[in-house]
Amino acid sequence: MFTIPRRVKAGRKRFLLCSPVLLLNIMQPYIFFWTVGRHYCNFIPLYAAFCTWWTAFKVMAFGIGRGPLCQFSAFHKFAVVMLLPILPHGDTNHGVKDERSGSSWSSPTYLEMFAKFCGLGLCTYGISQLSHDGFPVLYNVFLSLIMYLHICVQYTGSNLATSKVLQVPLSDGMNQPYFSTSLSNFWGRRWNLVASSSLRHVVYDPIREGRLVPKGHPEEKPGGGKEVSRKVLGSLMAFLVSGIMHEYILWLATGFWSGQMLLFFVVHGVAVAAERVAKVAWARHGLPAIPCAVSIPMTIGFLFGTAELLFYPPIFSANWAEHGVADLRRQFRSLGLSV
């Protein structure tokens, strides 16, 4: 990846040269699980996400001249960014600013890592005292918090481990998603930004710009109805790809394919597209902005409601939640912590 493809102009030839690495990363989890067998633990989806999403999508983006790998000419920096779920500052969506405060994001600290780790332990203990049959809503709230904190610990840990090596500012993988004022704000600017950034480079931006290889400044916006149509189509395709990737990771981890996760992301893709059209019409009529006290509960409510119907059922059908929580408890006990 570093010595040959990067010396070739971005486009079909470079993408073709990158394809062996791309195929290796997509197939590697399947070959590994087929060889050693599937076990219900947190390692499996993490390993699958590392290979099939975080690394593979960076490879695809690099092949068409996009993404964070194009920024680094030093081998050690190139390798670290390629192999780990880290997000160089400035590679996020539209300027990397917190919409509530307007302040630029900063790299995470050890204190943040400790707080998230403690929160993960507390939520793991809390969910272990409940049963899904007895308290389904409360159980799913704890499960949502565990998913959020587990991803935070992965991203923050990777950032802290590599910030000195890269010597570039890194953004955290999460940006306070509980303050999301809209679905597009949640998916594009706040939740799992490593994944959303990769989808933006590989799916959304090429469709919006009408070309695989960027030409000129990547944030150019010619405007007009055609531009809006491309944005809507790009958004729909990004959610479709995200749904397929979630189903693939679920299948790798459990051998279970339901289609419900795919449907969950398709629903949200349609909702985000409708939200985008509604915002344009709302602004055209000069209507006032919806206050955060209303938009935040509406956004979180829609997210949790659709997750209850479509995202969580396949997780429980495959017993992934139960085994994942048990594995987290084992990991904490191995550190001498009883949860």
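Only this structure's heavy atoms are used, side chains among them; waters, hydrogens and symmetry mates stay out.
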For the student: nearest non-hydrogen atoms of [X] and [Y], plus distance:
X    : Y    : value
T162 : I86  : OG1-CG2, 3.8 Å
A10  : V213 : O-CG2, 3.8 Å
Q260 : P314 : OE1-CD, 3.6 Å
C292 : P297 : O-CD, 3.7 Å
S235 : Y204 : N-CD1, 3.5 Å
L170 : P88  : CD2-CA, 3.9 Å

Legend entry - R190 charged N/C atom sitting above F179 aromatic ring, 6.0 Å / 45°: no
Under a 3.5 Å distance rule, please check whether [X] uses its side chain to pair with a backbone N or O of [Y] as donor and acceptor.
X    : Y    : answer
S19  : L16  : yes
K58  : V81  : yes
T306 : L303 : yes
H246 : S242 : yes
N185 : T181 : yes
T55  : C51  : no

Legend entry - ring pair (Phe, Tyr, Trp, His ring centres under 6.0 Å) partners of residues 275-304, not counting sequence neighbours, each pair once: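 Qualifying pairs, neighbours excluded: H268-F302.
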Quiz question: by atom type and distance under 3.5 Å, do the side chains of [X] and [Y] form a donor-acceptor pair?
X    : Y    : result
S198 : W53  : yes
T156 : K116 : yes
Y155 : N192 : yes

For residues [X] and [Y], determine if any side-chain heavy atom of one lies less than 4.5 Å from a side-chain heavy atom of the other.
X    : Y    : answer
L310 : M261 : no
L130 : F142 : yes
F57  : H201 : no
L335 : F117 : yes
N175 : W191 : no
W187 : S196 : no
W54  : Q154 : yes
Y139 : F316 : yes

[atom1]/[X] to [atom2]/[Y] distance, rounded to the nearest 0.5 angstrom?
X    : Y    : atom1 : atom2 : value
F75  : S73  : CZ    : OG    : 13.0 Å
R330 : S334 : CZ    : OG    : 10.0 Å
L193 : L87  : CG    : CG    : 6.5 Å
I249 : I244 : CD1   : CD1   : 12.5 Å
L212 : I207 : CG    : CD1   : 9.5 Å
M147 : L120 : CE    : CG    : 12.5 Å

Inset, instruction - Apply side-chain contact (heavy atoms from CB on, under 4.5 Å) to the pair L17 and V8, showing each step before the final yes or no. - result: CA-CA 9 Å; L17 289 171; V8 178; 3.5 Å; yes
Would the number of heavy atoms belonging to other residues, nucleotides or ligands and lying under 6.0 Å from [atom1] of [X] be above 12?
X    : atom1 : answer
I4   : CD1   : no
R333 : CZ    : yes
K279 : NZ    : yes

With the 4.5 Å side-chain cut-off for hydrophobic clustering, are [X] and [Y] part of the same group?
X    : Y    : result
L24  : F62  : no
I290 : L287 : yes
L138 : I315 : yes
Y178 : M174 : yes
L309 : Y312 : yes

Legend entry - Test side chain to side chain contact (heavy atoms under 4.5 Å, CB included) applied to E247 and F264, F265, W257, the passing residue: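 Of all the options given, the one that passes is W257.
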Legend entry - Derivation of the side-chain contact (heavy atoms from CB on, under 4.5 Å) call for F2 and H76: CA-CA 10 Å; F2 184 77; H76 67 286; over 6 Å; no
Legend entry - Listed once per pair and sorted, the side-chain hydrogen bond (donor to acceptor under 3.5 Å, both in side chains) pairs that draw on residues 117-130, sequence neighbours left out: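 For residues 117-130, and leaving out neighbouring residues, there are no side-chain hydrogen bond (donor to acceptor under 3.5 Å, both in side chains) pairs at all.
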Inset, instruction - Evaluate the criterion side-chain contact (heavy atoms from CB on, under 4.5 Å) for residue pair F50 and N25; output intermediate values, then yes/no. - result: CA-CA 9 Å; F50 261 99; N25 278 279; over 6 Å; no
Legend entry - Aromatic ring proximity, centroids under 6.0 angstrom, Y30 and Y248: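 Not under 6.0 Å, so no.
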Legend entry - Residues E209, R66: salt bridge by 4.0 Å N-O rule: yes
Inset, instruction - Could you please spell out the steps behind the side-chain contact (heavy atoms from CB on, under 4.5 Å) verdict for E275 and S182? - result: CA-CA 8 Å; E275 183 183 81; S182 65; 3.4 Å; yes
Legend entry - Set of residues satisfying side chain to side chain donor-acceptor pair (under 3.5 Å) with respect to T52, sequence neighbours excluded: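 Expected list: none.
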